[in-house]
J.: 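Following this message is one structure expressed as structure tokens.
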Amino acid sequence: MGKLNFLNFSFKKLISVFAILGTLSFVLSGCGASGEKNTSLHFFYIITAIFSFVLLLSYFFIAKKKLLWYIMLYISIFVVNIGYLCLSISNSLEEALLANRISYLGSVLLPLSMFMIILTVSNIKYKKLMPLILSLLSVGVFIIAASPGYSDIYYKTVELVNVNGVSVLEKTYGPLHIIYLIYLLSYFICMLSAIIYSVIKRKNNSHIYPCILILTVFVNIGIWLIEQFVKIDFELLSVSYIISGMFMLSLNLIVKDEQVRTIEHQNTETTSSNLFDETPVTDENDSVEKPLDGIVWDLTQLTKTERKIFDYYIQGKSTKEVMAELNITENTLKYHNKNIYGKLGVSSRKQLIEISKR
């Protein structure tokens with residue numbers, strides 16, 4: 001219960017940070033005189049850089065088990081915002097282009113990490129080579145986006161201008177600029193498709209996961225579209241990425257909370273089995289020991305639930321069918337599998353079925 005209270009408290013703090021960020025964004029983007037706007041824009045980029053760094057630290061503080069794609073996501077958000085900040089204070093075109101490359105590095109890696117997180121959270125299986133292929137694709141897109149200053153394939157022309165005291169790149173797009181747009185749109189489509197697929201296939205029992213994920217994707221799509229059609233003095237995506245990171249952090253907290261609840265449920269179920277089902281179910285045809293190809297199985301040591309799972313496996317039912325029959329989650333089934341395999345001395349369901357057929 002103490003851990004659950006901590007998670008609930010952390011989640012409340014996260015919501016508070018959302019409110020603070022929204023208020024700051026509104027204030028910083030508000031109307032004012034040119035001199036006030038100058039100060040506000042610089043302060044805005046400083047604030048977003050600080051927020052992105054706090055998000056990165058928060059993940060390492062909150063997450064007990066650090067996952068590569070979450071780490072990449074928060075590093076990408078930080079890199080993007082550092083790039084925007086450096087660009088806003090650049091004094092030369094060379095400095096501005098370097099800052100632009102830094103921001104693009106984060107912008108290219110961010111959708112990749114978000115997509116992989118969505119696949120992981122949604123329990124969608126993928127080929128082992130897919131992350132490598134997507135990473136190589138990201139490198140290719142980054143090389144194209146980082147080419148200004150060396151080539152005109154991404155920007156035909158580019159110059160450094162000062163808008164309200166903030167350095168901005170004034171550019172005309174080259175023939176390969178569309179590659180980056182296709183790259184982002186493809187990831188948006190893939191993210192939404194993965195979320196919809198997980199809902200249709202019921203990859204997890206929680207409706208909160210897809211809601212948070214869809215909201216995250218649509219926030220990014222919406223702000224990206226605004227930037228395409230509305231001329232704004234500052235980079236709205238810096239806020240969009242931070243909001244995405246906060247959504248993902250809240251999702252991480254919810255996943256941890258559900259894992260704790262699952263463990264507590266499993267412990268309760270095990271305790272109940274020991275109290276009310278100390279004599280596991282047996283068939284009349286089963287003796288205490290069942291010899292199979294030299295292996296002796298004591299089926300009476302299985303609890304009632306474990307025996308049902310054992311019988312379903314022998315009948316050839318799939319994992320999804322067993323979960324549906326018993327109305328349990330995948331984590332709960334894994335917990336029972338571990339107990340069954342340990343008690344029967346096998347290492348996998350495949351081995352269990354093979355031995356039972358002999």
J.: With a sphere of 6.0 Å drawn around NZ of Lys66, does it hold more than 12 non-hydrogen atoms of other residues, nucleotides or ligands?
T.: yes
J.: For the residue pair Gln315 and Asp311, establish whether any side-chain heavy-atom pair is separated by less than 4.5 Å.
T.: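 Yes, side chains in contact.
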J.: What class does the angle between the rings of Tyr104 and Tyr180 fall in, given that below 30° is parallel, 30 to 60° is tilted and above 60° is perpendicular?
T.: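 Correct class here is perpendicular.
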J.: List in chain and number order the residues that pass side chain to side chain contact (heavy atoms under 4.5 Å, CB included) with Ile214, two or more places apart in sequence or in another chain; answer none if no residue qualifies.
T.: Ile195, Phe218
J.: Distance-only, no hydrogens or angles: does the Tyr74 side chain make a donor-acceptor pair with backbone N or O of Phe60 under 3.5 Å?
T.: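 Judged by distance alone, no pair lies under 3.5 Å.
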J.: With heavy-atom distances below 4.5 Å as the criterion, would you say the side chains of Tyr312 and Glu321 are in contact?
T.: no
J.: Considering non-hydrogen atoms only, spot the tightest contact between His336 and Ile328 and give its length.
T.: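 Scanning both residues completely, I find the closest heavy atoms to be CD2-CD1, 4.5 Å.
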J.: Within the distance-only criterion (no hydrogens, no angle test), does the side chain of Gln301 pair as donor or acceptor with the backbone N or O of Lys343 below 3.5 angstrom?
T.: yes
J.: Given side chains that start at C-beta, do those of Tyr126 and Met116 come closer than 4.5 Å, heavy atoms only?
T.: yes
J.: Do the ring planes of Tyr155 and Tyr173 sit parallel (below 30°), tilted (30 to 60°) or perpendicular (above 60°)?
T.: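 The rings of Tyr155 and Tyr173 sit tilted, inter-plane angle from 30° to 60°.
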J.: Quick one: which of Met114, Met130, Lys125 gives a side-chain contact (heavy atoms from CB on, under 4.5 Å) with Leu119?
T.: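 It is Met130, the one option of Met114, Met130, Lys125 that forms the side-chain contact (heavy atoms from CB on, under 4.5 Å) with Leu119.
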J.: Under the rule for side chain to side chain donor-acceptor pair (under 3.5 Å), what residues qualify as partners of Tyr313, not counting sequence neighbours?
T.: Asn337
J.: Distance check, rounded to the nearest 0.5 Å: Leu181 atom CG versus Ser186 atom OG?
T.: 10.5 Å
J.: What donor-acceptor contacts under 3.5 angstrom involve side-chain atoms of residues 145-152, with partners at least two apart or in another chain?
T.:
| residue | atom | partner | partner atom | Å |
| --- | --- | --- | --- | --- |
| Ser147 | OG | Ile144 | O | 2.6 |
| Ser151 | OG | Ile153 | N | 3.2 |

J.: Answer yes or no: does atom CG of Leu68 have more than 12 heavy-atom neighbours from other residues, nucleotides or ligands under 6.0 Å?
T.: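 Yes.
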J.: Would you say that Leu87 contacts Val168 through its side chain, given a criterion of any heavy-atom pair below 4.5 Å between the two side chains?
T.: no
J.: Is there side-chain contact between Pro131 and Trp69, with at least one heavy-atom pair below 4.5 Å?
T.: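 Yes, side chains in contact.
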J.: What is the distance from atom NZ of Lys317 to atom NZ of Lys308, rounded to the nearest 0.5 Å?
T.: 12.5 Å
J.: I'd like to check Thr48 versus Tyr241 (side-chain heavy atoms, cut-off strictly below 4.5 Å). Are they in contact?
T.: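 The answer is no; the side chains never approach within 4.5 Å.
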J.: Measure the shortest side-chain to side-chain distance between Leu55 and Phe51 over non-hydrogen atoms and say whether it is less than 4.5 angstrom.
T.: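 They are not in side-chain contact.
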J.: About how many Å separate CG of Leu97 and OG of Ser92, when rounded to the nearest 0.5 Å?
T.: 8.5 Å
J.: Taking the side chain from Tyr45 and the backbone from Tyr84, do they hold a donor-acceptor pair closer than 3.5 Å?
T.: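 It does not hold such a pair.
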J.: Roughly how far, to the nearest 0.5 Å, is CG of Leu213 from OG of Ser198?
T.: 7.5 Å
J.: With no hydrogens and no angle check, just 3.5 Å: does a side-chain donor-acceptor pair link Tyr183 and Ser138?
T.: yes
J.: Using the ring of each side chain (for Trp, its six-membered ring), is Tyr187 parallel, tilted or perpendicular to Phe115, with breaks at 30° and 60°?
T.: perpendicular
J.: Return yes if some donor-acceptor pair links the side-chain N/O of Ser167 with the main-chain N/O of Ser90 below 3.5 Å, else return no.
T.: yes
J.: The criterion is side chain to side chain contact (heavy atoms under 4.5 Å, CB included); which residues satisfy it with Thr172, sequence neighbours excluded?
T.: Lys156, Thr157
J.: List, by chain and then residue number, the residues other than Ile189 in its hydrophobic cluster (Ile/Leu/Val/Met/Phe/Trp/Tyr, side-chain heavy atoms under 4.5 Å); write none if there are no others.
T.: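 Joined to Ile189, directly or through intermediates: none.
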J.: For the pair Val217 and Ile118, evaluate side-chain contact (heavy atoms from CB on, under 4.5 Å) and give the outcome as yes or no after the intermediate values.
T.: CA-CA 10 Å; Val217 175; Ile118 288 173; 4.2 Å; yes
J.: Got more than 12 heavy atoms from elsewhere within 6.0 Å of CZ, Phe53?
T.: no
J.: Can you confirm whether Asn162 is buried at CG, in the sense that more than 12 heavy atoms of other residues, nucleotides or ligands lie under 6.0 Å from that atom?
T.: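 Atom CG in Asn162 is crowded, with more than 12 foreign heavy atoms closer than 6.0 Å.
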J.: Between Asn81 (side chain only) and Ile77 (backbone N and O only), is there a donor and an acceptor less than 3.5 Å apart?
T.: yes
J.: I need the Leu137 CG to Leu132 CG distance, nearest 0.5 Å.
T.: 11.5 Å
J.: Looking at side-chain heavy atoms only, is the closest gap between Arg349 and Thr319 below 4.5 Å?
T.: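 Yes - at least one pair of side-chain heavy atoms lies under 4.5 Å apart.
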J.: Apply side-chain contact (heavy atoms from CB on, under 4.5 Å) to Leu169 and Leu93, showing your working.
T.: CA-CA 8 Å; Leu169 287 176; Leu93 180 61; 3.8 Å; yes
J.: Could you work out, with side chain to side chain contact (heavy atoms under 4.5 Å, CB included) as the rule, every residue matching Ile89, not counting sequence neighbours?
T.: His42
